[in-house]
Asker: 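The structure's right below; bear with me while I get my questions together.
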Amino acid sequence: MINRRTFSKAVGVGMGAAAVPTGAGAAGRSGLPAEVPAPAEVPAPTRAFGRLKQVRAGVLDIGYAEAGAANGPVAVCLHGWPYDIHSYVDVAPLLAEAGYRVIVPYLRGHGTTTFRSPTEVRNAQQSAVALDVVALMDALGIRRAVLAGFDWGSRTADIVAALWPERVRALVSVSGYLVTDVRAQQNPLPPKAEHTWWYQYYFATDRGRRALENPQYRRELARAVWAEASPTWAFDDATFERTAAAFDNPDYAAIVTHNYRWRLGLAAGEPRYDRYEQRLADRPTIGVPTITLDPGLDPFLASTDGLGYRKFFTGAYEHRVLDGVGHNAPQEAPAAFARAVLDADRL
């Protein structure tokens, strides 16, 4: 059973960063006030997960962290690039304290997640990554879960919620609806916006792929992205190196380059995923209870009122802006993120 009193004490009345609900439902089903003040203290950071676990799931052997009661409601937290499971190292204990069983998997190509077959295509198209999550839930005997993510994790959670809503209790999606429309990606953005996405074009070249294959350069590249994407996050060397170890996965360069090349229409997917991609090309709506989060300082997707993607969420819904927070929302504002998970699950 969820211990809401303990959770509320841990994260305060509101969040670890100022979070303002906006749009339809902001003061509706959740009963939250229109504005929630930040608490005086943010929970002390947890510096490490316990011993990681492995499970065979679909085409992968997935490495994951787990916290909380085995019989609690499940929250699956999904990281992005260039990050890893430690984006949730301070979120997981908050959710565990509230009674959740928290599962934080390494996405394909990261950490201890490996392909079960050496001949398996190192494919990172969006539906393949989403199916990894469904396979993980099947392997762990999880029928339904709250899905929460940012960056690649948001996209993956959105897709599972859109295509397999029966598996999703609720959704927390940073930056809203991130299902990739490959056709639309062929249209250029204004030059200033294109500059922000420089690494995608770098990875479209063999030069960029070789940089990812170089242990020193892939770390330097990731650190540069961290600094640009989270301008006020004062992470230290140990925090970065803890995550950077996940980039030593032998499939890392292949997975990262394929993901970005596929999005730009520069790399093919696999025919076995065509039926899912065809459905996603139609921009399916998401009907599960959802809270979307826009980090106020994210340079990739500007903080908004959520109206640009509101039409894609047809169920109970709330939108929040995380003031003073950059791209790596769960690690920069763990209490705000954990609170969103709890609130989404009760919309």
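None of the values given here were measured: they were computed from a predicted structure.
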Asker: Taking the basic N atoms (NZ, or NE/NH1/NH2) and the acidic carboxylate oxygens, is any pair closer than 4.0 Å for Arg155 and Asp158?
Answerer: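 Between Asp158 and Arg155 there is no salt bridge, as every charged N stays at least 4.0 Å from the carboxylate O atoms.
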Asker: Would a hydrophobic clustering, with Ile, Leu, Val, Met, Phe, Trp and Tyr connected at side-chain separations under 4.5 Å, put Val121 with Leu131?
Answerer: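 Different clusters: Val121 never reaches Leu131 through Ile, Leu, Val, Met, Phe, Trp or Tyr contacts under 4.5 Å.
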Asker: Sub-3.5 Å donor-acceptor pair from the side chain of Ser230 to the main-chain atoms of Ala227, do we have one?
Answerer: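 No.
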Asker: Taking atom types as modelled, find out whether Thr292 and Tyr317 have a side-chain donor-acceptor pair closer than 3.5 angstrom.
Answerer: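 The criterion, which ignores hydrogens and geometry beyond distance, is satisfied for Tyr317 and Thr292.
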Asker: Between the side chain of Ser87 and the main-chain N/O of Gly80, is any donor-acceptor distance below 3.5 Å?
Answerer: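 Judged by distance alone, no pair lies under 3.5 Å.
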Asker: Do Phe203 and Trp81 have their ring centres less than 6.0 Å from each other?
Answerer: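 Aromatic pair counts; centres sit under 6.0 Å.
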Asker: Under 6.0 Å between ring centres, would you say that holds for Phe337 and Tyr88?
Answerer: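 Here the rings of Tyr88 and Phe337 have centres that are less than 6.0 Å from each other.
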Asker: Could you tell me whether the side chain of Val168 reaches within less than 4.5 Å of the side chain of Arg144, counting heavy atoms only?
Answerer: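 Arg144 vs Val168: side chains apart.
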Asker: Please tell me if the side chains of Thr156 and Leu147 come closer than 4.5 Å, counting only heavy atoms from C-beta onward.
Answerer: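 In short, these two side chains do not touch, never coming nearer than 4.5 Å.
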Asker: Measuring from atom SG of Cys77 to atom OH of Tyr100, what distance do you get when rounded to the nearest 0.5 angstrom?
Answerer: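 Output value for this atom pair is 10.5 Å.
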Asker: Would you call Glu241 and Arg219 a salt bridge, using N to O less than 4.0 angstrom?
Answerer: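 A salt bridge links Glu241 with Arg219.
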Asker: Are Val225 and Tyr217 connected into the same hydrophobic cluster when the rule is that any two of I, L, V, M, F, W, Y join if their side-chain heavy atoms are below 4.5 Å apart?
Answerer: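 No, Tyr217 does not connect to Val225 through the hydrophobic network.
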Asker: Does some side-chain heavy atom of Asp181 sit less than 4.5 Å from a side-chain heavy atom of Val179?
Answerer: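 No, their side chains stay 4.5 Å or more apart.
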Asker: Can you tell me how far apart CZ (Phe312) and CG (Leu178) are? Round to the nearest 0.5 Å.
Answerer: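 Rounded to the nearest 0.5 Å, the CZ-CG separation comes to 11.0 Å.
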Asker: Please work out whether the ring planes of Phe49 and His86 are parallel, tilted or perpendicular, with thresholds of 30° and 60°.
Answerer: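 Taking His86 first and then Phe49, their aromatic rings sit tilted (interplane angle of 30° to 60°).
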Asker: Any sub-3.5 Å donor-acceptor pair from Glu194's side-chain atoms to Pro188's backbone N or O?
Answerer: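 No.
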Asker: Does Thr112 offer a backbone N or O that forms a donor-acceptor pair with the side chain of Gln54 under 3.5 Å?
Answerer: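 Pair found, side chain donor or acceptor close to backbone of Thr112.
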Asker: Indicate yes or no for a side-chain donor-acceptor contact from Asp251 to the backbone of Ala254 under 3.5 Å, with no hydrogens or angles considered.
Answerer: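 No; zero donor-acceptor contacts below 3.5 Å.
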Asker: Could you give me the CA-CA distance, side-chain angles and deciding distance for Ile85 and Thr243, then say whether side chain to side chain contact (heavy atoms under 4.5 Å, CB included) is met?
Answerer: CA-CA 8 Å; Ile85 61 174; Thr243 286; over 6 Å; no
Asker: Calculate, to the nearest 0.5 Å, the distance between atoms CG and OH belonging to Asn328 and Tyr83 respectively.
Answerer: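 Reported value, rounded in 0.5 Å steps: 5.0 Å.
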Asker: Whether Arg346 and Asp343 form a salt bridge (side-chain N of Lys/Arg under 4.0 Å from carboxylate O of Asp/Glu) is what I want to check.
Answerer: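 Yes, Asp343 and Arg346 are salt-bridged.
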Asker: Pair Phe313, Val288 - check side chain to side chain contact (heavy atoms under 4.5 Å, CB included), show working.
Answerer: CA-CA 8 Å; Phe313 299 98; Val288 305; over 6 Å; no
Asker: Judged by atom type as modelled, is there a donor-acceptor pair below 3.5 Å linking the side chain of Arg183 to the main-chain atoms of Ala281?
Answerer: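 Looks like yes, one N/O pair under 3.5 Å.
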Asker: Within the 4.5 Å heavy-atom criterion, are Asp132 and Leu107 side-chain neighbours or not?
Answerer: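 No, side chains not in contact.
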Asker: In this structure, would Ile255 and Val182 fall into the same cluster of hydrophobic residues linked by side-chain contacts under 4.5 Å?
Answerer: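 Hydrophobic grouping puts Ile255 apart from Val182.
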Asker: For residues Pro105 and Leu78, determine if any side-chain heavy atom of one lies less than 4.5 Å from a side-chain heavy atom of the other.
Answerer: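 With C-beta onward as the side chain, the pair touches.
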Asker: Can you tell me if OH on Tyr201 sees more than 12 non-hydrogen neighbours from other groups inside 6.0 Å?
Answerer: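 It does: Tyr201 OH has more than 12 such atoms within range.
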Asker: Got a salt bridge between Asp61 and Arg116, using NZ or NE/NH1/NH2 to carboxylate O under 4.0 Å?
Answerer: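 Looking at Asp61 and Arg116, the cut-off is not met.
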Asker: Going by atom types only, do Asp305 and His319 share a side-chain donor-acceptor pair under 3.5 Å?
Answerer: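 Result is no, nothing qualifies.
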Asker: Is there a path of hydrophobic side-chain contacts, each under 4.5 Å between heavy atoms of I, L, V, M, F, W or Y residues, that connects Leu266 with Tyr202?
Answerer: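 Shared cluster, yes.
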Asker: Show, in sequence, the C-alpha distance, side-chain angles and deciding distance for Val341 and Leu95, and conclude whether the side chain to side chain contact (heavy atoms under 4.5 Å, CB included) test is met.
Answerer: CA-CA 8 Å; Val341 171; Leu95 295 178; 3.9 Å; yes
Asker: Flag the pair Tyr309 / Tyr177 as yes when their ring centroid distance falls below 6.0 Å, and as no otherwise.
Answerer: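 No, ring centres 6.0 Å or more apart.
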Asker: Hydrophobic clustering (ILVMFWY, side-chain heavy atoms < 4.5 Å, transitive) - are Val55 and Val76 grouped together?
Answerer: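 Per the 4.5 Å side-chain linkage, Val76 and Val55 are co-clustered.
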Asker: Could you walk me through whether Gln185 and Trp262 pass the side chain to side chain donor-acceptor pair (under 3.5 Å) test, one step at a time?
Answerer: CA-CA 10 Å; Gln185 292 277 80; Trp262 178 86; over 6 Å; no
Asker: Quick one about Trp226 and Gln331 (side-chain donor to acceptor, distance below 3.5 Å, no hydrogens or angles considered), yes or no?
Answerer: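 No - no donor-acceptor pair under 3.5 Å links their side chains.
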Asker: Output yes when Glu318 and Arg320 qualify as a salt bridge under the 4.0 Å nitrogen-oxygen rule, no when they do not.
Answerer: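 Arg320 and Glu318: salt-bridged.
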Asker: Rounded to the nearest 0.5 Å, what separation is found between the CZ atom of Arg310 and the OG1 atom of Thr290?
Answerer: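 Rounded to the nearest 0.5 Å, the CZ-OG1 separation comes out at 9.0 Å.
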Asker: So, do Leu52 and Tyr106 sit near enough that their side-chain heavy atoms are less than 4.5 Å apart?
Answerer: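 Of all side-chain heavy-atom pairs linking Tyr106 with Leu52, at least one is under 4.5 Å.
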Asker: Out of curiosity, Asp345 CG to Arg169 CZ, how far, rounded to the nearest 0.5 Å?
Answerer: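 Asp345 CG to Arg169 CZ: 4.0 Å, rounded to 0.5 Å.
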Asker: Could you please spell out the steps behind the side chain to side chain contact (heavy atoms under 4.5 Å, CB included) verdict for Val146 and Leu171?
Answerer: CA-CA 6 Å; Val146 180; Leu171 172 69; over 6 Å; no
Asker: Got a sec, which pairs hit ring-ring contact (aromatic ring centres under 6.0 Å, His included) with one end in residues 110-141, sequence neighbours left out?
Answerer: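 Counting only pairs at least two positions apart or across chains, the ring-ring contact (aromatic ring centres under 6.0 Å, His included) contacts touching residues 110-141 are His79-His110, His110-Trp152, His110-Tyr252.
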Asker: Considering only NZ, NE, NH1 and NH2 on the basic side and carboxylate oxygens on the acidic side, decide whether Glu66 and Arg101 come within less than 4.0 Å.
Answerer: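 Yes, this pair counts.
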Asker: Check for a donor-acceptor pair, side chain of Thr196 on one end and backbone N or O of Phe300 on the other, with a separation under 3.5 Å.
Answerer: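 No; judged by distance alone, with no hydrogens or angles, the pair does not exist.
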Asker: Does a salt bridge link Arg242 with Asp237, judged by any charged N lying under 4.0 Å from a carboxylate O?
Answerer: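 Asp237 and Arg242: not salt-bridged.
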Asker: Around atom CZ of Arg56, are there more than 12 heavy atoms of other residues, nucleotides or ligands at under 6.0 Å?
Answerer: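 At most 12 heavy atoms, drawn from other residues, nucleotides or ligands, come within 6.0 Å of this atom.
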Asker: Would you check if the side chain of Ser175 reaches a backbone N or O of Leu301 as a donor-acceptor pair within less than 3.5 Å?
Answerer: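 No, because the side chain of Ser175 does not come within donor-acceptor range (under 3.5 Å) of the backbone of Leu301.
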Asker: In the structure I gave you, are the side-chain heavy atoms of Leu280 and Tyr273 within less than 4.5 Å of one another anywhere?
Answerer: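 Result no, sub-4.5 Å side-chain heavy-atom pair not found.
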Asker: Which atom pair, heavy atoms only, marks the closest approach of Pro165 to Leu163?
Answerer: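 Nearest heavy atoms, Pro165 then Leu163: CD-C, 3.4 Å.
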Asker: Salt bridge (Lys or Arg N to Asp or Glu O under 4.0 Å) with Arg218: which residues, sequence neighbours excluded?
Answerer: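 Salt bridge (Lys or Arg N to Asp or Glu O under 4.0 Å) check on Arg218 returns Asp248.
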Asker: Would you please classify the geometry between the Phe247 ring and the Phe240 ring as parallel, tilted or perpendicular, with 30° and 60° separating the classes?
Answerer: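 Ring orientation, 0 to 90° scale: perpendicular.
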Asker: Return yes if some donor-acceptor pair links the side-chain N/O of Asp294 with the main-chain N/O of Thr304 below 3.5 Å, else return no.
Answerer: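 Yes, because the side chain of Asp294 sits within donor-acceptor range (under 3.5 Å) of the backbone of Thr304.
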Asker: So, the side chain of Asn249 versus the backbone of Thr113: is there a donor-acceptor pair under 3.5 Å, distance only?
Answerer: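 Confirmed, Asn249 side chain pairs with Thr113 backbone.
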Asker: Within a strict 4.5 Å, meaning less than it, do heavy atoms of the Pro295 and Val174 side chains meet?
Answerer: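 Heavy-atom side-chain distance check passes, below 4.5 Å.
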Asker: Verify whether one side chain among Gln125 and Glu277 offers a donor that lies under 3.5 Å from an acceptor in the other.
Answerer: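 Yes.
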Asker: So how far is it from Arg275 CZ to Arg279 CZ, rounded to the nearest 0.5 Å?
Answerer: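 Result: 8.5 Å between the selected atoms.
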Asker: Please test Asn259 against Arg263 for side chain to side chain donor-acceptor pair (under 3.5 Å), starting from the C-alpha separation and ending with a verdict.
Answerer: CA-CA 6 Å; Asn259 179 282; Arg263 287 199 225 174; 2.9 Å; yes
